[in-house]
Amino acid sequence: MSVSRIAILISGRGSNMGTLLQACERGELPAQVCLVLSNRADAEGLDNARRAGIATACIAHGDYPDREAFDAALVRRLQQAQPDLVMLAGFMRILTPVFITPFAGRLLNIHPSLLPNYPGLHTHQRALDAGDSEAGSTVHFVTPELDGGPPVLQARVPILPGDTADSLARRVVALEHEIYPLAALWYLQGRLTLNQQGAFLDGQKIPPSGVPYRPQDAVRHDAADRSNQQRPC
Ligand code: GAR
């Protein structure tokens, strides 16, 4: 498999970005990260990417008169990097068709809820307030509908007695570090596609809540080891 190019958009900590970088460095993903792009100059993840020798850029949304002008600037910078796949990883801006259309079908997002539940912000608190028994995260193709594009892969965690939004977020993000590289691998292997009918994996239509994540499918060797330990003899 030839080496593909992934561009990653972040707004903050960038732990999902870090996991994708590591997966590329370890050869678990047949790809290189060609650009990490942020709308915030102080995003912690930008420094980490720079230290890892990755090309970075900051395009501050406040410098543009409206969302469309900002999105057009993002597109121009991304097109210079010639990505095969664009991954939103904690990128906290609503994107318009100006951005989404040029990358349609090769644009993924990770969202910290069991979509279609809780699009938008404060997902963990909303799950707690609703008395849900489970939370999780969903990788989905991006379409103009906010957090509404076809789901690809979904991981669940139980909500435990005494959970807070923070404790839940910590458990969810740990699983995000497994599912986002896996969805990227499926895409890079040509197994994951989007068409007018929805998202497909190996030619099979993906169900409305995404493929349920199985730890034994993890890209990360240590995650796979963990799942082996959990499997009964
Ligand atoms: C992740 O939990 C991601 O799902 C969420 O932001 C966090 C970023 O963490 N994304 C959204 O809420 C997008 N709507 P990270 O910066 O450590 O990867």
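Counting convention: from 1, in listed order, for ligands and their atoms alike.
For ligand 1, the polar-atom distance check finds an N/O of Asn16 within less than 3.5 Å of one of the ligand's N/O atoms. At a 3.5 angstrom cut-off on N or O pairs, Asn109 does not count as close to ligand 1.
Of the N and O atoms on the side chains of Tyr180 and Asn109, not one donor lies less than 3.5 Å from an acceptor on the other residue. Side-chain atoms of Tyr213 and Gln154 include no donor-acceptor pair closer than 3.5 Å.
At least one heavy atom of Met92 sits closer than 4.0 Å to an atom of ligand 1. Remark: distances from the non-hydrogen atoms of Gly14 to ligand 1 include one below 4.0 Å. Contact analysis leaves Ile10 out of contact with ligand 1, as no non-hydrogen atom separation drops below 4.0 angstrom.
Applying the side-chain hydrogen bond (donor to acceptor under 3.5 Å, both in side chains) test to residues at least two apart or on different chains, the pairs with a partner in residues 193-202 are Arg191-Asp202.
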Discussion item. Run the salt bridge (Lys or Arg N to Asp or Glu O under 4.0 Å) test on Asp71 and Arg93 for me, step by step, so that the C-alpha distance in whole Å, both residues' side-chain angles and the decisive distance to 0.1 Å come before the verdict.
Written reply: CA-CA 10 Å; Asp71 284 4; Arg93 300 296 303 171; over 6 Å; no
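Arg13 NH2, 3.4 Å is the protein heavy atom nearest to atom 9 (O) of ligand 1. For atom 14 (N) of ligand 1, the closest heavy atom belonging to the protein is His111 ND1, 3.5 Å. Ranking protein heavy atoms by distance to atom 12 (O) of ligand 1, first place goes to Pro112 CD, 3.4 Å.
Using a 4.0 Å cut-off between charged nitrogen and carboxylate oxygen, Arg13 and Glu44 do not count as a salt-bridge pair.
Close approach to Glu176 involves these atoms of ligand 1, each under 4.0 Å from a residue heavy atom: 1 (C), 2 (O), 3 (C), 4 (O). Within ligand 1, counting atoms from 1 as listed, the ones closer than 4.0 Å to a heavy atom of Gly90 are 6 (O), 8 (C), 10 (N).
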Result block: side-chain N/O donor-acceptor pairs under 3.5 angstrom for residues 74-89, not counting sequence neighbours:
residue	atom	partner	partner atom	Å
Arg77	NH1	Gln80	OE1	3.4
Asp84	OD2	Arg5	N	2.6

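At distances below 3.5 Å, not a single donor-acceptor pair connects side-chain atoms of His124 with backbone N or O atoms of Ser167.
Among Ser15, Pro119, Gly12, the residue whose heavy atom sits closest to atom 17 (O) of ligand 1 is Ser15.
Closest approach of Pro151 and Ile206 over heavy atoms only: O-CG2, 3.4 Å.
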